[in-house]
> 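Encoded as structure tokens, here's the structure I'll be asking about.
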There are 2 protein chains.
Amino acid sequence: MIQPRPRTIPEATVARLAVYLRVLTGLADGGRTTVSSGELASAAGVNPAGLRKDLSHLGSCGVRGVGYDVRALRERIARVLGAERSRPCVLVGIGNLGTALADYAGFGSRGFHFVGLFDASPARVGHTIGGLTVQPMEELETAVTATDASIGVIATPADVAQQVCDRLVEAGVRSILNFAPATLTAPAGVDVRPVDLSVELQVLAFLGQQRAVPAAEVTA
Amino acid sequence: MIQPRPRTIPEATVARLAVYLRVLTGLADGGRTTVSSGELASAAGVNPAGLRKDLSHLGSCGVRGVGYDVRALRERIARVLGAERSRPCVLVGIGNLGTALADYAGFGSRGFHFVGLFDASPARVGHTIGGLTVQPMEELETAVTATDASIGVIATPADVAQQVCDRLVEAGVRSILNFAPATLTAPAGVDVRPVDLSVELQVLAFLGQQRAVPAAEVTA
DNA sequence: AGCCGCTTGTGAACGCAGGAACAAAGTCGC
DNA sequence: GCGACTTTGTTCCTGCGTTCACAAGCGGCT
Ligand SMILES: NC(=O)c1ccc[n+]([C@@H]2O[C@H](COP(=O)([O-])OP(=O)(O)OC[C@H]3O[C@@H](n4cnc5c(N)ncnc54)[C@H](O)[C@@H]3O)[C@@H](O)[C@H]2O)c1
Ligand SMILES: NC(=O)c1ccc[n+]([C@@H]2O[C@H](COP(=O)([O-])OP(=O)(O)OC[C@H]3O[C@@H](n4cnc5c(N)ncnc54)[C@H](O)[C@@H]3O)[C@@H](O)[C@H]2O)c1
């Protein structure tokens, strides 16, 4: 039993660790060397106790009475998240959204870089975005194999998203981020993470509507 | 006690309701009139029992032995979510991402439309995107008041996101969708929903990495 | 008209996440 | 060198979300 640390980290904790990592990087750039859980929690918008519980999943790294060493904690989280080396990603569907993603410089500093851009439209193929040239879909499989891309991003229309997903899986991609408003099915062992902006807006709208209703509740 | 239905719907349920709504719209367009919970659940990628529990939050709407009437259920969900009439939104930061959002036709069919586009850069102001002209930041407050915009979307760089948030709140916006990688603070009564794509990628990367590790676990 | 099969809706159990409180531990001041 | 204060790490507990399982209800068939 060399590993007393439980292998399983809750997914909600993982998402927060990524936020802590971003905040810590900002603090380090600002010259801070140590930070307390309360300070870090308020900067990340979470509860201090919850933050300490999250950090406890990766072993004691703080000093009682002082706080956490910013650089050491950042290193620790980066190692757990596997953010030490940059991961190669491929992007399919270079339309409005896909172009913005391909052009986004922020992914590089967070451990991700695109190694391939693909589109079915001849009008898009050949354009250069963020230093990469858009390739036709025929080259998807060979490019994924050659670059050993680990993450695929889908930004195509919804009606072809499943086909694109299948081709990515077939090519060996095991992690997929899907922006198309469609529910994708993939075999076991493949993670598909949907990002549906309309759903986010609808949740916001519902919360706002519910906030307005309770006042009229007493009138019933 | 005229309202036997509990006023509180779990947020996780609300997000799934939005997905059901999308799936139901697709089914209705395909000509389907009824659908069973199992079918709808598999199309939405959730557990059938969970789907029924979600729907139970808005009262019985199904017919035992038959299933749900597609149109009626869609109407019911749309009413609960407040998606019957389109909600006016303002978008701040018309860069790469903001342009894609402003140009996106899909929001209209999901109950949202932009009534104002704003940017601080003179190079952006005056451009027309999706039928709207980009306005300077000075006009934000008056435009929000005039259009009674209920939702604000932030697509500016992270270092000015908090200022933009403050101005939106000051102008009367009570729901904010934030794409900038920054933790925003807002007064009580204002909902801020972050969408951090880097975090999504990092969660994917972690899950993929964890999937690969267990095989080597026995070697320790 | 009565029975059968199918599907919904709900009740209970389980597991998990979140929050508060407390003990351990280390540092700073004297 | 010692005491007190600060902050972490953990433990307990409460509440929520999810899943399973079953009884109730309705349509269709005979
Ligand atoms: N633009 C947004 O702000 C936004 C917001 C929310 C969701 N989305 C979703 O993201 C996806 C992309 O949106 P968009 O606005 O960029 O659309 P878009 O039409 O501008 O771009 C789609 C791109 O996919 C390409 N494409 C079409 N079929 C393809 C195929 N079979 N294989 C590969 N590429 C193919 C097209 O050539 C086009 O370049 C859509 O599913 C949309 O619903 C977009
Ligand atoms: N582009 C992407 O794919 C992507 C992905 C993830 C996150 N983001 C985030 O979304 C935000 C926007 O990204 P982008 O790629 O569109 O950046 P961008 O630089 O292309 O656009 C930013 C826009 O905001 C405007 N702006 C700057 N300061 C402003 C202010 N004070 N008030 C109003 N407008 C102001 C700029 O003029 C510019 O047009 C950034 O925070 C980025 O980190 C973008």
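Each chain gets a letter, A, B and so on, in the order its sequence line appears, and its residues count up from 1. Only a predicted model underlies this, so the values are computations on that prediction, with no experimental measurement involved.
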> Can you run down the side-chain hydrogen bond (donor to acceptor under 3.5 Å, both in side chains) pairs that involve residues 152-161 of chain A, sequence neighbours left out, and say none if there aren't any?
none
> Considering heavy-atom distances to DNA chain C, does B:Ala49 or A:Val46 have its closest nucleotide positioned more toward the 5' end?
B:Ala49
> Specify the residues of residues 12-26 of chain A, ordered by number, for which at least one heavy atom lies under 4.0 angstrom from an atom of DNA chain D.
none
> Rounding to a whole Å, what distance do you find between B:Asp69:CG and D:dC26:P?
16 Å
> Please give, in whole Å, the distance from C:dT7 P to B:Leu55 CG?
16 Å
> Rounded to the Å, how far apart are A:His57 NE2 and D:dT11 P?
12 Å
> Measure CG/B:Leu51 against P/C:dT7 and give the value in whole Å, please.
14 Å
> Hey, could you give me each pair passing side-chain hydrogen bond (donor to acceptor under 3.5 Å, both in side chains) that has a residue in residues 92-103 of chain B? Not counting sequence neighbours.
A:Asn96-B:Asp103, A:Asp103-B:Asn96
> Starting at CG of B:Asn47 and ending at C1' of D:dG17, how long is that distance when rounded to a whole Å?
12 Å
> What integer distance in Å separates B:Asp54:CG from D:dT19:C1'?
12 Å
> What string of B, S and - do you get for nucleotides 1-8 of chain D 5' to 3' if you count protein non-hydrogen atoms under 4.0 Å?
-----BBB
> Would you mind telling me which of A:Arg76, A:Arg79, A:Arg110 makes a salt bridge (charged side-chain N to carboxylate O under 4.0 Å, His left out) with A:Glu84?
A:Arg79
> Could I get the full list of side chain to side chain contact (heavy atoms under 4.5 Å, CB included) partners for A:Gln162, not counting sequence neighbours?
A:Cys165, A:Asp166, A:Leu184, A:Thr185
> Does the pair A:Arg32/A:Glu39 count as a salt bridge with the N-to-O cut at 4.0 Å?
yes
> Apply side chain to side chain contact (heavy atoms under 4.5 Å, CB included) to B:Tyr104 and list each qualifying residue two or more places apart in sequence or on a separate chain.
A:Pro181, B:Phe107
> For B:Ser175 and B:Arg87, which I'm curious about, is there any donor-acceptor pair between the side chains at under 3.5 Å?
no
> If I take atom NZ in residue B:Lys53 and atom C1' in nucleotide D:dT19, what distance separates them, rounded to the nearest angstrom?
9 Å
> Check B:Asp69 with B:Arg74, please: is the shortest side-chain N to carboxylate O separation under 4.0 Å?
no
> What's the CD-P distance between B:Glu39 and C:dT7, to the nearest Å?
9 Å
> Within the 4.5 Å heavy-atom criterion, are A:Phe112 and B:Gln202 side-chain neighbours or not?
yes
